[in-house]
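Notes follow the structure.
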Amino acid sequence: MLDAKLFRNEVAETAARLAETRDFQLDVAQLEQLEQRRKELQVRTESLQAERNSRSKAIGKAKAQGEDIQPLLAAVDDLGNQLEQAKVELHEVQEELHAIISGVPNLPDASVPLGKDEDDNQEISRWGEPHQFDFTPADHVDVAHKLANGMDFEKGAKLAGARFVVLQGAIAQLHRALAQFMLNLHVNEHHYTEAYVPYLVNHDTLYGTGQLPKFGEDLFHVQGATEKQVPLSLIPTAEVPLTNLWRDEIADEAQLPLQYAAHTPCFRSEAGSHGRDTRGLIRQHQFDKVELVWLVKPEQSMETLETLTQHAERVLQLLELPYRKVLLCTGDMGFGACKTYDLEVWLPSQDTYREISSCSNMWDFQARRMQARFRRKGEKKPELLHTLNGSGVAVGRALVAVLENYQQADGSLKIPTVLQPYMGGKTEIKCI
RNA sequence: GGUGAGGUGGCCGAGAGGCUGAAGGCGCUCCCCUGCUAAGGGAGUAUAGGGUUUGUAGCUCUAUCGAGGGUUCGAAUCCCUCCCUCACCGCCA
């Protein structure tokens, strides 16, 4: 959520920036009108409340002194109704305003290139050379198939439906090895606090990171057995629980920066992506991810984005997977981000780079929604934190990348050196 | 799942329809006193929003005692629903 002051004092400028960068049309006239109504109603409501309070106090005093309070009660008679009505109207206007404002995306940082979609993204760097195969590289589905049928989409479909998978044997083990390796790297070498978090979260939590109210259809929602139970949703990323650890909290400056890492499954309904990446592991309803989250002082957030991204890059470097780093343009960034780097890993079967990590600085956008704050030493007023998150990295897609980049002519798979300790020292997975 | 007890400021803990944004204590900040250490005295110490304003200063108003509704001129206090915590019992990985 953007600062409400931007909508009060600089509506026109804000609308122009949103239109330019986000192709987002802010209805300025409507907003101004609502804002004016809000002001009137709030002033009216609060002065009525003030009057009621002082009159009630007077009644209390009169009563204590044994005076007749009937006339005082009569004088206050109509006040209740007026107040009631003003409150209802104020509430309506505030709801309307809130609905509009909470649906406005974050403003991009000045360093972000203007653009419409992914074609306008800016490549920052490349790492590693795509391996030259002396045979036609198979895609990960075929590679896995030859390895003891380690990736079974039919079983996944039988158990749950389309976009689910069952991994077995060495492939399942490799999947686990990847997650373990990543989490260990971040916790042991990059000093993240390891966290185990709920995979189901409530709506307040989802609102905090920006999934609600706008993106509810991207999630799986779970209704408890009884109607009274609060509705929960499966997390689409561990960013949600990790960032919300500090919802409605005020950190001491000395506690900062806070950095968390978690390995969790992620659940996405992928509504609206019918027909995209239907083959293979690329786009599933359920996938694992190691997520990195930072909460920092505002003046540190931009340099933290670089650090965070490097941590994700390190995973790919150690796995010796070629990748490129891309700075997303304004039009391709997520709702709450002010600056995002994507890491795209080389997939030989597709002869292209595919997203495997996305690292974003959310500025104070989520923190404002969450009221996640900190207090500087010696200062009275708490300030909003800045939040950042990044995948470090997506486990399923990392598995895809390893399968495709490490495949051998005979159908067997070399195991990346850094994963070998997690695979019982094995150096390859033989085909059957 | 059952029964019982609770959820009050940074923390502990009173209050049980009006003068309570909330006693008292602890902690913290500032000042004073004390030749060290210890102790003592005084003042201050929530958050959000609105109005005023060039102002994140000041002044002022409003809201907040787990959440949401209700009763009332007036609710931390009474009623209802939900959430959470603790204890014991049952069940369970």
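When reading the values below, keep in mind they use all heavy atoms of this one structure, side chains included, and skip hydrogens, waters and symmetry mates. Numbered from 1 within each chain, the chains take letters A, B, ... in sequence-line order.
- The side chain to side chain donor-acceptor pair (under 3.5 Å) search around Q36(A) returns none, not counting sequence neighbours.
- Salt-bridge check for E428(A) with K430(A): passed, with a basic side-chain N closer than 4.0 Å to an acidic carboxylate O.
- A straight line from NE2 of H203(A) to C1' of C82(B) spans 15 Å, rounded to a whole angstrom.
- Nucleotide C83(B) holds its C1' atom 10 Å from the CG atom of N202(A), rounded to whole Å.
- Ion pairing between a basic and an acidic side chain is recognised when a charged N comes within 4.0 Å of a carboxylate O; R376(A) and D252(A) show no such pairing.
- Pairing analysis of RNA chain B (Watson-Crick: purine N1 to pyrimidine N3 plus N6-O4 or O6-N4; G-U wobble: N1-O2 and O6-N3; both under 3.5 Å) yields stems of 3 or more pairs at B:1-7 with B:83-89, B:10-12 with B:24-26, B:27-32 with B:40-45, B:46-52 with B:58-64, B:66-70 with B:78-82.
- Nucleotide U45(B) holds its P atom 15 Å from the NZ atom of K381(A), rounded to whole Å.
- Qualifying side chain to side chain contact (heavy atoms under 4.5 Å, CB included) partners for N53(A), counting only residues two or more places apart in sequence or in other chains: none.
- Positionally, the nearest nucleotide of RNA chain B for R373(A) lies more toward the 5' end than for the other of R373(A) and G80(A).
- For D277(A), the side chain to side chain donor-acceptor pair (under 3.5 Å) partners are R283(A), R354(A), not counting sequence neighbours.
- Note: Q310(A) CD to Y341(A) OH = 9.5 Å, rounded to the nearest 0.5 Å.
- K63(A) comes within 4.0 angstrom of a nucleotide base, judged by non-hydrogen atoms across all strands.
- Pairs passing the salt bridge (Lys or Arg N to Asp or Glu O under 4.0 Å) check and including a residue from residues 172-183 of chain A, sequence neighbours excluded, do not occur.
- Look at K297(A) and E253(A) and you find a salt bridge, because one of the NZ, NE, NH1 or NH2 atoms lies within 4.0 Å of a carboxylate O, short of that distance.
- Computed from coordinates, the R376(A) CZ to U56(B) P distance equals 17 Å when rounded to whole Å.
- Across the P atoms, U81(B) and A63(B) are found 27 Å apart, a figure rounded to whole Å.
- Residue R375(A) is classed as a sugar-phosphate contact, given heavy-atom separations below 4.0 Å to backbone atoms only.
- Distance Q42(A) CD to U52(B) C1': 14 Å, rounded to the nearest Å.
- Annotation: the span from Q366(A) atom CD to E239(A) atom CD amounts to 5.0 Å, rounded to 0.5 Å.
- Contacts between residues 44-60 of chain A and RNA chain B, counted as heavy-atom distances below 4.0 Å, involve E46(A), Q49(A), A50(A), R52(A), N53(A), S56(A), I59(A), G60(A).
- With the nearest nucleotide of RNA chain B identified for both E84(A) and L73(A), E84(A) has the one nearer the 5' end.
- Rounded to an integer number of Å, the gap from L79(A) CG to U62(B) P is 13 Å.
- K61(A) comes within contact range of no nucleotide atom at all, as no heavy-atom separation falls under 4.0 Å.
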